[in-house]
Amino acid sequence: RGARVFAGVAEELAAADLTLGNLETALGVLTDAEAVANASAAKDKNENLSKVAFERGNVYKLKGDAGKAIDSYKQATSLSPDNSLILYSLGDMYAAVGDLPQAITTLQQAVIIDPGDAYNRAYYAKLLALNGNTAAAKPEAAQAARLAPTNAYAVGQYGVVSYLARDAAT
């Protein structure tokens, strides 16, 4: 029975005199260029939606609504998972509501994505230290200060982490 159905379909295709190009169009098969163009358009759409979600998160943050800010930043990260600025903002909001473990995990992702960003690394180090992990915090803070020796925040956090590490040792 299957062979007869296939033969019937083959006859219909032959009768319709479909060329490969027409067949691809009929079946919705995309050329490589079309697939790339569609993927690029989808990426652009995601980036635009991510920007909207990120800015909405910023508005909620300014209004003091941490829960809605976190939700908006999470939406933005789902659309742009490799954006370290969005991850920083999400981590900052987790820290603001006292969820240091989640803040640390989120900032760690930002540091992995952009290891040369001294600000992210310094904040990550500060959160590690505030959570009691000064052993891990100190080298991160030192690296942040090395990355940006004229950045007051990065150098300042190295001082804060060093102070907390000294207190932890006594």
Side-chain angles (χ1 to χ4, degrees), residues 30 32-170:
L30 301 176
D32 288 344
E34 291 169 326
V36 168
N38 285 351
S40 179
K43 182 180 179 195
D44 289 346
K45 181 179 178 183
N46 277 355
E47 286 177 6
N48 288 335
L49 291 173
S50 175
K51 287 176 187 176
V52 168
F54 175 70
E55 292 305 331
R56 187 174 54 243
N58 289 341
V59 169
Y60 286 131
K61 179 180 178 178
L62 290 173
K63 287 183 171 186
D65 193 334
K68 286 184 179 178
I70 288 171
D71 289 343
S72 293
Y73 290 144
K74 284 169 73 174
Q75 181 185 19
T77 59
S78 73
L79 295 164
S80 294
D82 293 335
N83 186 315
S84 65
L85 176 60
I86 296 171
L87 287 166
Y88 170 87
S89 298
L90 178 59
D92 186 42
M93 290 312 303
Y94 281 131
V97 298
D99 189 349
L100 285 182
Q102 189 61 51
I104 290 167
T105 298
T106 304
L107 261 294
Q108 183 180 36
Q109 290 173 326
V111 169
I112 290 168
I113 288 168
D114 190 358
D117 187 320
Y119 198 87
N120 285 349
R121 189 175 291 276
Y123 191 46
Y124 171 59
K126 176 183 172 181
L127 294 176
L128 284 169
L130 289 174
N131 203 42
N133 191 352
T134 55
K138 199 165 180 186
E140 292 292 340
Q143 178 63 15
R146 279 192 297 276
L147 286 168
T150 60
N151 181 309
Y153 182 79
V155 174
Q157 292 311 307
Y158 178 65
V160 168
V161 168
S162 295
Y163 178 79
L164 291 172
R166 186 192 63 170
D167 276 1
T170 58

Inset, instruction - Looking only at non-hydrogen atoms, find the nearest pair between I86 and S80 and report the distance. - result: CD1-CB, 4.2 Å
Legend entry - Sole residue of Y88, F54, Y60 in ring pair (Phe, Tyr, Trp, His ring centres under 6.0 Å) with Y73: F54
Inset, instruction - Quick one: closest heavy-atom pair of I113 and P81, and the distance? - result: CD1-O, 3.4 Å
Inset, instruction - Mind checking the CD-CG spacing from Q109 to N120? Nearest 0.5 Å is all I need. - result: 11.5 Å
Inset, instruction - Provide the closest heavy-atom pair for S72 versus A53 in the form atom of the first, atom of the second, distance. - result: CB-O, 3.4 Å
Inset, instruction - Check whether the side chains of Y123 and D92 place a donor and an acceptor atom closer than 3.5 Å, and report yes or no. - result: yes
Legend entry - Distance-minimising heavy-atom pair for L85 and N83: N-OD1, 3.0 Å
Legend entry - From L107 atom CG to Q102 atom CD, the distance as rounded to the nearest 0.5 Å: 10.5 Å
Inset, instruction - Mind running side-chain contact (heavy atoms from CB on, under 4.5 Å) on L90 and I70 for me, showing each step along the way? - result: CA-CA 6 Å; L90 178 59; I70 288 171; 3.9 Å; yes
Inset, instruction - Evaluate the criterion side-chain contact (heavy atoms from CB on, under 4.5 Å) for residue pair R146 and Y158; output intermediate values, then yes/no. - result: CA-CA 10 Å; R146 279 192 297 276; Y158 178 65; over 6 Å; no
Legend entry - Single hit among D117, I112, V111 for side chain to side chain contact (heavy atoms under 4.5 Å, CB included) with D114: D117
Inset, instruction - Look up atom CD in E140 and atom CG in L127, then write down how far apart they are to the nearest 0.5 Å. - result: 11.5 Å
Legend entry - Euclidean distance, D71 CG relative to K68 NZ, rounded to 0.5 Å: 9.0 Å
Inset, instruction - Check the pair L164 / V160 against side-chain contact (heavy atoms from CB on, under 4.5 Å), numbers first and verdict last. - result: CA-CA 6 Å; L164 291 172; V160 168; 4.0 Å; yes
Legend entry - Within 6.0 angstrom of K138 NZ, more than 12 heavy atoms from elsewhere: no
Legend entry - Pairwise distance NZ(K74) to CE(M93) - rounded to 0.5 angstrom: 12.5 Å
Inset, instruction - Provide the closest heavy-atom pair for A118 versus A154 in the form atom of the first, atom of the second, distance. - result: CB-CB, 4.1 Å
Legend entry - Closest non-hydrogen atom pair, Q157 against A141: O-CB, 4.2 Å
Inset, instruction - Kindly indicate, with the supporting measurements, whether the criterion side-chain contact (heavy atoms from CB on, under 4.5 Å) is fulfilled by R56 and Q75. - result: CA-CA 10 Å; R56 187 174 54 243; Q75 181 185 19; 2.3 Å; yes
